[in-house]
Amino acid sequence: MALKEYKKKRDFKKTPEPGLGGALRQAQGKPLRFVVQKHHARALHFDFRLEHRGVLKSWAVPKGPPLKAKERRLAVMVEDHPFAYRIFEGRIPKGEYGAGTVKIWDQGVYAQVTPFDQGIKKGHLTFVMLGKKLKGEYALIRIAKDPKNWLLIKANKKI
Ligand code: MN
């Protein structure tokens with residue numbers, strides 16, 4: 001998917017969001033990062049983003065990520081975001097894509113448990129979050145038939 005769709009949706013003269021300069025992170029040997037941003041757009045949602053191959057794989061989670069074991073929340077896959085988006089906070093102006101305020105809700109590192117390239121194709125990812133709010137093992141599982149709709153599930157395990 002790369003970042004074509006991200007670019008196509010935005011006018012970088014109008015939005016304060018990061019452009020594509022240096023968008024790909026060279027992550028060799030560095031722990032993988034994640035961010036969750038609270039986004040007061042037309043409808044409040046949380047953007048759940050996991051670094052993978054230099055970009056942020058992204059899902060919009062209307063009710064926010066689960067915090068208790070076995071809870072599950074709908075997570076709608078959206079376009080990849082540039083790695084620089086990890087630190088973005090601000091106000092996207094009216095009339096622009098995603099207009100509203102963006103605030104970081106949690107961030108940190110995470111570890112992939114299952115191979116992600118395969119998992120994205122298959123619709124099944126497991127990983128361990130090491131954030132302030134999000135801790136422990138999670139899974140993202142695609143709901144059959146719809147390529148965009150996944151469930152974000154907190155596993156019943158402690159680390
Ligand atoms: Mn959003």
Side-chain angles (χ1 to χ4, degrees), residues 1-10 17-20 22-39 41-88 97-98 102-159:
M1 200 190 295
L3 295 166
K4 256 190 208 162
E5 204 181 329
Y6 176 84
K7 195 178 163 198
K8 207 168 68 187
K9 287 182 169 176
R10 291 169 176 82
E17 295 167 286
L20 298 192
L24 283 172
R25 185 199 192 203
Q26 303 298 316
Q28 285 95 340
K30 292 177 192 155
L32 295 168
R33 313 285 319 191
F34 80 89
V35 67
V36 181
Q37 284 146 324
K38 197 172 181 180
H39 188 180
R42 202 165 29 169
L44 172 70
H45 61 272
F46 293 73
D47 288 305
F48 185 86
R49 310 191 196 280
L50 301 174
E51 177 190 0
H52 179 61
R53 297 205 178 280
V55 299
L56 299 172
K57 305 305 286 184
S58 297
W59 289 262
V61 184
K63 293 186 175 169
L67 294 167
K68 288 183 195 156
K70 295 182 183 170
E71 274 183 350
R72 48 187 62 202
R73 299 281 167 79
L74 176 68
V76 181
M77 197 179 211
V78 298
E79 75 275 17
D80 292 352
H81 279 50
F83 184 70
Y85 213 93
R86 184 176 72 80
I87 55 166
F88 175 70
Y97 179 71
V102 175
K103 261 205 131 182
I104 292 170
W105 180 81
D106 196 17
Q107 61 183 318
V109 303
Y110 86 99
Q112 300 177 347
V113 175
T114 50
F116 261 41
D117 289 326
Q118 235 177 302
I120 288 164
K121 279 190 205 130
K122 278 190 185 166
H124 194 136
L125 303 167
T126 56
F127 45 94
V128 175
M129 303 296 283
L130 297 160
K132 289 196 184 86
K133 295 186 174 103
L134 299 182
K135 293 176 200 227
E137 193 167 323
Y138 281 76
L140 269 163
I141 295 170
R142 190 159 55 216
I143 299 169
K145 288 180 188 165
D146 191 323
K148 290 197 169 170
N149 287 351
W150 299 57
L151 288 173
L152 177 59
I153 301 164
K154 180 155 172 57
N156 188 23
K157 282 181 193 166
K158 293 224 164 80
I159 49 157

State the NZ-NZ distance between Lys9 and Lys4, to the nearest 0.5 angstrom.
14.5 Å
Distance from Ile120 atom CD1 to Arg53 atom CZ, nearest 0.5 Å?
9.0 Å
Can you tell me how far CG of Leu50 sits from CZ of Phe116, rounded to the nearest 0.5 angstrom?
5.5 Å
Side chains of Thr126 and Gln112 in contact at under 4.5 Å (non-hydrogen atoms):
no
The ring-ring contact (aromatic ring centres under 6.0 Å, His included) partners of Phe46 (sequence neighbours excluded) come to Trp105
Heavy-atom donor-acceptor pair, Arg49 side chain to Val55 backbone, under 3.5 Å
no
How about Lys148: does its NZ atom have over 12 heavy atoms from other parts shown lying under 6.0 Å from it?
no
Answer yes or no: are there more than 12 heavy-atom neighbours, outside Leu44 itself, under 6.0 Å from its atom CG?
yes
Apply side chain to side chain contact (heavy atoms under 4.5 Å, CB included) to residues Ile143 and Trp150 and explain how you reach the verdict.
CA-CA 5 Å; Ile143 299 169; Trp150 299 57; 5.8 Å; no
Keeping the roles fixed (side chain from Asp106, backbone from Val36), state whether a donor-acceptor pair exists under 3.5 Å.
no
Tell me, with the steps shown, if Phe48 and Met129 meet side chain to side chain contact (heavy atoms under 4.5 Å, CB included).
CA-CA 12 Å; Phe48 185 86; Met129 303 296 283; 3.8 Å; yes
Less than 4.0 angstrom from a charged side-chain N to a carboxylate O is my criterion; do Arg86 and Glu51 meet it?
no
Determine whether Leu134 and Leu67 satisfy the following criterion, side chain to side chain contact (heavy atoms under 4.5 Å, CB included), listing intermediate values before the conclusion.
CA-CA 7 Å; Leu134 299 182; Leu67 294 167; 3.6 Å; yes
Side-chain touch Leu140/Leu151, heavy atoms, less than 4.5 angstrom
no
With side-chain hydrogen bond (donor to acceptor under 3.5 Å, both in side chains) as the rule and sequence neighbours excluded, what pairs involving residues 61-76 come up?
none
For a 4.5 angstrom cut-off between non-hydrogen side-chain atoms, does Tyr110 reach Arg33?
no
Quick check on Lys122: does its NZ atom have over 12 non-hydrogen neighbours (other residues, nucleotides or ligands) under 6.0 Å away?
no
Student check: side-chain heavy atoms of Asn149 and Val76 closer than 4.5 Å
yes
Between Pro82 and Phe88, is there a side-chain heavy-atom distance shorter than 4.5 Å?
no
Main-chain N/O of Lys135 paired with Lys154 side-chain donor or acceptor, under 3.5 Å:
yes
For residues Pro66 and Ile153, determine if any side-chain heavy atom of one lies less than 4.5 Å from a side-chain heavy atom of the other.
no
Mind checking what makes side-chain contact (heavy atoms from CB on, under 4.5 Å) contact with Ile104, not counting sequence neighbours?
Val35, Gln37, Glu89, Gln107
Quick test of your reading of the model: are Asp47 and Lys38 salt-bridged, counting only N-O distances below 4.0 Å?
no
Salt bridge flag under 4.0 Å for residues Glu79 and Arg10
yes
Looking only at heavy atoms, which two atoms of Val102 and His39 are closest? And how far apart?
CG2-CD2, 3.7 Å
Do the non-hydrogen side-chain atoms of Leu130 and Phe34 ever get within less than 4.5 Å of each other?
no
Within the structure provided, determine whether Leu152 and Trp59 are in side-chain contact (heavy-atom separation under 4.5 Å).
no
Please walk me through it: do Tyr6 and Leu20 pass side chain to side chain contact (heavy atoms under 4.5 Å, CB included)?
CA-CA 9 Å; Tyr6 176 84; Leu20 298 192; 3.7 Å; yes
Is the closest side-chain donor-acceptor distance between His52 and Asp80 under 3.5 Å?
no
